[in-house]
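Here the structure is laid out as structure tokens; the discussion comes afterwards.
Computed over heavy atoms, backbone and side chain alike; hydrogens, waters and symmetry mates excluded. Letters A, B, ... mirror the listed sequences (proteins, then strands); counts begin at 1.
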Amino acid sequence: MPRRVVLHVDLDYFYAQCEENLNPNLRGKPVVVCVYSGRTDDSGVVSTCNYEARKYGVKAGIPIARAKKLLGTADASFRPTNRPHYAEVSDRIMETLETFGDTFEKVGIDEAYLDFTSETNGDIYRAESIAREIKQKVLEQEKISCSVGVAPNKLLAKIGSDLNKPNGLTVVRPENVRLFLGELSVDKIPGVGKRTEEKLDQLKVKTIDQLATHDVSVLHEIFGNTLGTYLYRAARGEDEEPVERREQPTQLSRIATLKRNTHNISEILPLLEDLANSAAEKLTEKTMTCKTVSILAILGDLSIHSKSRTLDSPTSDMSTIAQASKDLLEQFLQSESTATVRRVGVKLSGLSGRSGQTDISKFLR
DNA sequence: CCCTCGATCAC
DNA sequence: CCTCATATCGAGGG
């Protein structure tokens, strides 16, 4: 049985790189791709930016207004997201990636795992040269650079691809795992975000080496069984998760920002209905049904609330979904009489394919 | 075992 | 000042 060889491919600053390709004279200057919320001219956040913009401290998630301040007088370009375009580019790249490796797993618009175990018979150096081939092919085909991690499992491949960005290639050999992980900060572990990092910090755990010294029962106590076990194993570079083709998503959601905060249902309803209709339309496109309808409300204080209802029978019917959304919003506003709503969303979950149409993949995309 | 809801992550 | 979308976990109730 050869040792597993897994690749993780991460497309570099993907949205901003797509924008550079659409408009080559943007290259060399800061490019900031923004999600505008429509409240005021500059309201919204940065989705992605290129590395020129990062030099100024701009990064994903910060308010657009702050990015503008950081960039000062620099000749920067602020562009709205053009998701459909990025999805097209992504689809073509994913098609190419899929031709390499035995198993392919797309994770979001700009990431994928590939299993190379049988291709390489467990030889990680062969995998490394295939990784170079992949990088070159994607660059030639779509003018998109990417960063790749090659490792004995998904966890290490993902940490690896993140380590030398952009245009990186990181190979983690099984005998080097300790050395590779040791000094890294715990937040390099996928799944360790702000909250988990804070808790670890309280335990005086900053590096993966330090995490590895804690016994699993302590981690269970603090993080619960699942996350505790995950952290314990991750600190040792252990991960058995298979590279598996992803099936259809099991939920689908739409969210938007209101022009102004309000508790008045008639001010929210038109937007909510649009969201419900758009979500239902997408559901129908995919020839799927949903079992549960939820609404999401983000209030003036940015607290997040949800209400959900499981339907008597799965549906894709637009008016059923819209009505359920409306009922849930009414319920919510009654339960929270002082709430002022900033953003609303609709989520459809418990998705499944309609009977008699098990294989719909060839009609999609 | 199912439902509802909040929390977390990461895009 | 603070977007959008997906997945997963755990608690609490039934």
Self-check item: Span of DNA chain B, from the first to the last nucleotide whose atoms fall under 4.0 Å of chain A heavy atoms
Solution: B:dC3 to B:dC11
Exercise. Kindly indicate whether the side chain of A:Thr262, heavy atoms from C-beta on, has any atom under 4.5 Å from the side chain of A:Thr340.
Key: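 Not in contact.
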Self-check item: Heavy-atom side-chain proximity of A:Phe100 to A:Ile130 below 4.5 angstrom
Solution: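 Contact flag for A:Phe100/A:Ile130 side chains = yes.
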What is the distance, to the nearest angstrom, from the [atom1] atom on [X] to the [atom2] atom on [N]?
{"X": "A:Leu351", "N": "C:dA5", "atom1": "CG", "atom2": "C1'", "answer": "13 Å"}
{"X": "A:Arg343", "N": "C:dC1", "atom1": "CZ", "atom2": "P", "answer": "17 Å"}
{"X": "A:Ile109", "N": "C:dT3", "atom1": "CD1", "atom2": "P", "answer": "20 Å"}

Assess whether atom [atom1] of [X] is packed by more than 12 heavy atoms of other residues, nucleotides or ligands within 6.0 Å.
{"X": "A:Arg39", "atom1": "CZ", "answer": "yes"}
{"X": "A:Arg236", "atom1": "CZ", "answer": "yes"}
{"X": "A:Lys165", "atom1": "NZ", "answer": "yes"}
{"X": "A:Asp215", "atom1": "CG", "answer": "yes"}
{"X": "A:Asp312", "atom1": "CG", "answer": "no"}

Exercise. Let me know which of A:Arg246, A:Lys106, A:Lys158 forms a salt bridge (Lys or Arg N to Asp or Glu O under 4.0 Å) with A:Glu111.
Key: A:Lys158
So [X], base contact, sugar-phosphate only, or nothing? Heavy-atom distance under 4.0 Å.
{"X": "A:Thr250", "result": "sugar-phosphate"}
{"X": "A:Lys68", "result": "nothing"}
{"X": "A:Gly44", "result": "sugar-phosphate"}

Report each atom pair, protein N/O against N/O of nucleotides 11-14 of chain C, whose distance is under 3.5 angstrom.
none

Near DNA chain C, counting only heavy atoms under 4.0 Å, which residues of [range] show up?
{"range": "residues 29-38 of chain A", "result": "A:Val35, A:Ser37"}
{"range": "residues 217-242 of chain A", "result": "A:Asn225, A:Thr226"}
{"range": "residues 296-323 of chain A", "result": "A:Leu302"}

Self-check item: Dot-bracket encoding per residue of DNA chain C, Watson-Crick/G-U cut-off under 3.5 Å, | denoting interstrand
Solution: ......||||||||
Residues that, via side-chain heavy atoms closer than 4.5 angstrom, fall in one hydrophobic cluster with [X]:
{"X": "A:Tyr13", "answer": "A:Tyr51"}
{"X": "A:Met1", "answer": "none"}
{"X": "A:Phe78", "answer": "A:Val32, A:Tyr36, A:Val46, A:Tyr56, A:Val58, A:Ile62, A:Ile64, A:Leu70, A:Leu71"}

Quiz item: Think A:Arg342 has a side-chain N or O under 4.0 angstrom from the OP1 or OP2 of C:dT3?
Solution: yes
Would you tabulate the side-chain donor-acceptor contacts of residues 185-200 of chain A under 3.5 Å, counting partners in other chains and residues two or more places apart, or write 'none'?
| unit_1 | atom_1 | unit_2 | atom_2 | d |
| --- | --- | --- | --- | --- |
| A:Ser185 | OG | A:Asp187 | N | 3.3 |
| A:Ser185 | OG | A:Asp187 | OD1 | 2.5 |

Quiz item: Under the salt bridge (charged side-chain N to carboxylate O under 4.0 Å, His left out) rule, what pairs show up with a residue in residues 46-70 of chain A, not counting sequence neighbours?
Solution: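 Of all non-adjacent pairs touching residues 46-70 of chain A, those that pass salt bridge (charged side-chain N to carboxylate O under 4.0 Å, His left out) are A:Asp42-A:Lys68.
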Quiz item: How do A:Pro63 and A:Ile255 order along DNA chain C: which one's closest nucleotide is nearer the 5' end?
Solution: A:Pro63
Quiz prompt | Non-neighbouring partners of A:Phe223 that pass ring pair (Phe, Tyr, Trp, His ring centres under 6.0 Å), sequence neighbours left out | solution =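 Expected list: none.
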